Amino acid sequence: MSVFGKEFGKTSDGRTVNLYRITNENGAYVEVLDYGCILHAICVPNKDGALTDVCLGYDTVAEYEANDGYLGAFVGRHANRIGEGKFTLNGVNYSLAVNNGPNHLHGGLKGFDRVVWGTCVASDRLIFSHTSPDGDEGYPGNLMMTVSYSFDDTNTLTLSYDAVCDQDTVVNFTNHCYFNLNGQGTGTVTDHLLQVNADEFTENDENCLPTGKILSVEGTPFDFRKAKPIGRDIHADDVNLKNGSGYDHNFILSGEGLRDVAVLTSEKTGIVMTTRTTQPGVQVYTANFLTDRRGKNDTHYGIRDGICLETQHYPDAVHHPHFPTVVLKPGEEYHQETQYVFTLK
Ligand code: BGC
């Protein structure tokens, strides 16, 4: 694994943004920005032996700053939604930035996707670090974090998240990469085969906020236990699909520890991506709200042109005591890992 860094551009307030390319011995590579720890490119071998970039992104910092959608970004302090941006911890009420209708989404108005992170290049990984101050977007306590990326010779991209705090707080990190295994900018992913090891998912209301109910996937369009094309049931007459305008749901993953949780396959390029994670859930999001925009290398992106497999704790867990806790306490060490493993069919 070798790492090469260069300037990518500047933020609107003059901060330098660097791009790091991590190349493995096969010549496959991943590009990452220190702005938002963004996964900017993932170039892996296709069935013809050439490289395909399977990750959506933009050519400039200005586009990453101006556009919504969190392309490729590391997301926190709390991924997905917190109802009305309010929660109570140890009897104290906290009010967070509200940025998605009445709710808090993906860390607020200035989440970790908007931060220029400190960088350290180690021999086997790229390590980003940042301290989120007490009160950041309304969250309690200072939070010290590292996010590391490595890409090994088996074409395994490993994302590793660590954090400690000095006061009880809530933490739920994810990565918001939009994958298109046919190649970024080639249209929709509805022909991809998806398999997810989940017997259940969390029901959403019309604002994509969990109701607290846990539903079985059996007999529903949410049954991905056997691989099926993403587009097969996406227009089914189903209230949950309507509420998400497609798939935008937290699937409850079987098993524990670092394990295989999902497999995404492109018949066109032969690229197979196996997702592995230590996290209890994955938000399967079929880019239902990805409005038309310019993508990398003068491509065009729109609705369903990528799929996010956002490994995470369940959304809005602060309001549902039966969901796994997202509370982090001083003295505890938060650690989560996710791997995207690229192979060929
Ligand atoms: C959410 C979507 C949201 C998207 C982009 C996903 O994680 O679940 O509802 O539109 O992120 O912000």
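Reckoned from all heavy atoms, side chains included, excluding hydrogens, waters and symmetry mates. In this text the structure is predicted, and so the values were computed from the model without any measurement. We count ligands from 1, going down the list as the structure has it; atoms in each ligand are counted the same way.
Pocket lining of ligand 1, defined as residues with a non-hydrogen atom under 4.0 Å away: Tyr70, Asn80, Arg81, Leu105, His106, His176, Asp248, Gln283, Tyr285, Phe289, Glu310.
In this view, Asp166 satisfies the salt bridge (charged side-chain N to carboxylate O under 4.0 Å, His left out) rule with no residue, not counting sequence neighbours.
Residues Leu181 and Val189 fail the side-chain proximity criterion, which asks for heavy atoms closer than 4.5 Å.
Ion pair Lys329/Asp168 flagged as a salt bridge, since at least one NZ, NE, NH1 or NH2 atom sits closer than 4.0 Å to an Asp/Glu carboxylate oxygen. By the 4.0 Å N-to-carboxylate-O rule, Lys110 lies too far from Glu137 to be salt-bridged with it. Taking the charged nitrogens against the carboxylate oxygens, Lys345 and Glu267 do have a contact shorter than 4.0 Å, which makes a salt bridge.
With Tyr247 as the fixed residue, the ring pair (Phe, Tyr, Trp, His ring centres under 6.0 Å) test singles out one of Phe201, Phe224, Tyr285: Phe224.
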